[in-house]
Amino acid sequence: MIPTLWYLILAVTLFVIGAAGVLLRRNVLIVLMSLELMLNSVTINLLAFGHVLQDLRGQIIAIFVIAITAAEVAVALGILVALLRNKDTLEVDELTILKG
Amino acid sequence: MEREFFLLLSGVAIISALLVIVARNPVHSALALVACLVQVAAIYILLGAPFLAVIQIFVYVGAVMVLFLFVIMMLDVRKEAKTRYLKKAAWPGLVVLVVLAAELFVLLMQSAKIHTVMGPGLAITEQPSVEDLSLLLFQDFLLPFEVASVILLVALIGAVILARPDEAVAADKPQNGGRR
């Protein structure tokens, strides 16, 4: 039997790696991929607790997380394509249109 | 036997997650992320959620990552090779990361004293079947399910409108060409 703590440690590790990608990388695409990684670590947490507590609601919420992630990625990549058409850069420190 | 599988899967998942962050070429990052997501799907099976594992492979690996690869291949990725990391925000970012990691690990290690939930995992008496899951989803969670479908529809329309070429620009171009 795998201790629950192991799952949580795995989830925390993946979350920190994803946060590192979000904070340190310059490429917007890699930042988005790191966000996927963080969302996955959260899903591992949900399923781990659902498994320990023998509660199916963890899996239900995980399904919703996955569905909303798909929507988020579609909108984010749409924005990215529109952005590239206007500014021709993918680097987060050069995208300052919203600064005013 | 389960523990060995878990260690193998999580090791590969962490290594490929690090590759996502480190790789120079965005295509390599995307492929490493695919590897990581497949490992996570296998971990879902260990967690007694085979349906979620299938959904993970379908949605993430099948749809989301293919979308990423499409966008990467539409764009020019070669000029990216020189500058992988932010220069200005590197030090504050690293500090935030170290603090976050330390905080999360300390809380995790101490949480056994705070909560009783964190004991050893329960032995699986009977795995909840997909039937139980769908009954719960379509009875108690019917409204969130419908809301999620509306959100997906809105995202679909939004993505189409965002990625559509600008109408004003598209309308101007042939006129200018005609005048010249």
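Letters go in sequence order (proteins before strands), and every chain restarts at 1.
A single hydrophobic cluster is seen to contain both A/V31 and A/M38, as judged by linkage of ILVMFWY side chains at heavy-atom distances under 4.5 Å, directly or through other members. B/F68 and B/V160 sit in two unconnected hydrophobic clusters of ILVMFWY residues. Membership requires side-chain heavy atoms under 4.5 Å apart, directly or through other members. The hydrophobic cluster containing A/L46 also contains A/L35, counting ILVMFWY residues as joined when their side-chain heavy atoms lie under 4.5 angstrom apart, directly or transitively. Taken together through direct or relayed side-chain contacts under 4.5 Å among Ile, Leu, Val, Met, Phe, Trp and Tyr, B/L137 and B/V130 form part of one hydrophobic cluster. Both B/L133 and B/L142 belong to a single network of hydrophobic side chains, linked directly or stepwise wherever heavy atoms of I, L, V, M, F, W or Y lie under 4.5 Å apart.
With chain B as partner, the option from A/L47, A/V16, A/V75, A/I30 having the largest number of non-hydrogen pairs under 4.5 angstrom is A/L47. The greatest number of non-hydrogen atom pairs below 4.5 Å with chain A, out of B/L152, B/V64, B/L136, is found for B/L136. Between chain B and the residues A/V73, A/V81, A/I17, the most heavy-atom pairs under 4.5 angstrom are made by A/I17. Per-residue counts of heavy-atom pairs under 4.5 Å with chain B were compared for A/G58, A/G18, A/A67, A/A20; the largest is that of A/A20. Between chain A and the residues B/L33, B/I55, B/L100, the largest count of heavy-atom pairs under 4.5 Å involves B/L33. Of the residues considered (A/A76, A/A74, A/S34), A/A74 shows the highest number of contacts with chain B, using heavy-atom pairs under 4.5 Å.
Annotation for B/R24 and A/R25: closest pair O-NH2, 4.3 Å, computed over non-hydrogen atoms. Taking each heavy atom of B/C36 and A/L37 in turn, the nearest pair found is SG-CD1, 3.6 Å. When all heavy atoms of A/A48 and B/L47 are compared, the closest pair comes out as CA-CD2, 3.6 Å. A/R85 and B/R164 make their closest contact through NH1-O, 3.3 Å (heavy atoms, listed as atom of the first residue, atom of the second, distance). In terms of heavy atoms, A/L23 sits closest to B/G93 at CD1-O, 3.9 Å.
The number of heavy-atom neighbours closer than 6.0 Å to CD of B/E146, taken from other residues, nucleotides and ligands shown, is above 12.
Proximity to chain B (any heavy atom under 4.5 Å) is restricted, for A/F15, to the side chain, taken from C-beta onward. Looking at A/I79, both its backbone and its side chain come within 4.5 Å of chain B, counting heavy atoms on both sides. Proximity to chain A is limited to the side chain of B/Y60, based on heavy atoms less than 4.5 angstrom apart. Using a 4.5 Å cut-off between heavy atoms, B/L37 touches chain A through its side chain atoms alone. Heavy-atom distances place no part of B/A63 under 4.5 Å from chain A, backbone and side chain included. Heavy atoms closer than 4.5 Å to chain A are found in both the backbone and the side chain of B/A30. Both the backbone and the side chain of A/I44 come within less than 4.5 Å of a heavy atom of chain B. Looking at B/V22, the atoms closer than 4.5 Å to chain A (heavy atoms on both sides) all sit in the backbone: N, CA, C or O. Of the two parts of A/L83, neither the backbone nor the side chain holds a non-hydrogen atom closer than 4.5 Å to a non-hydrogen atom of chain B. In this structure, no portion of A/S41 lies under 4.5 Å from any heavy atom of chain B.
When side chains are defined from C-beta on, B/F5 does not count as touching A/I2, because their heavy atoms never get closer than 4.5 Å. Using a 4.5 Å heavy-atom cutoff, the side chains of A/L24 and B/I21 are not in contact. With contacts defined as side-chain heavy-atom distances shorter than 4.5 Å, the pair B/F141/A/I63 does not qualify. In this structure, A/I60 and B/F145 have side chains that are not in contact, with every pair of non-hydrogen atoms separated by 4.5 Å or more. The shortest distance between side-chain heavy atoms of B/V40 and A/T43 does not fall below 4.5 Å.
To the nearest 0.5 Å, atoms CD (A/Q59) and CZ (B/F51) are separated by 9.0 Å. Atom CG in A/N40 sits 12.0 Å away from atom CD in B/Q39 (nearest 0.5 Å). One finds the CG atom of A/L80 at 11.0 Å from the CG atom of B/L162 (value rounded to the nearest 0.5 Å). Put simply, OH on A/Y7 and CD1 on B/I43 are 7.5 Å apart, with the number rounded to the nearest 0.5 Å. To the nearest 0.5 angstrom, A/N27 atom CG is 8.0 Å from B/I72 atom CD1.
The main-chain N or O of A/P3 is never found under 3.5 Å from a side-chain atom of B/R3 such that the two would form a donor-acceptor pair.
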Just distance, no hydrogens or angles: give the donor-acceptor pairs under 3.5 Å from side chains in residues 6-15 of chain B, sequence neighbours left out.
unit_1: B/S10; atom_1: OG; unit_2: B/F6; atom_2: O; d: 2.8
unit_1: B/S10; atom_1: OG; unit_2: B/L7; atom_2: O; d: 3.3

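Under the side-chain hydrogen bond (donor to acceptor under 3.5 Å, both in side chains) criterion, A/R57 pairs with A/D55, not counting sequence neighbours.
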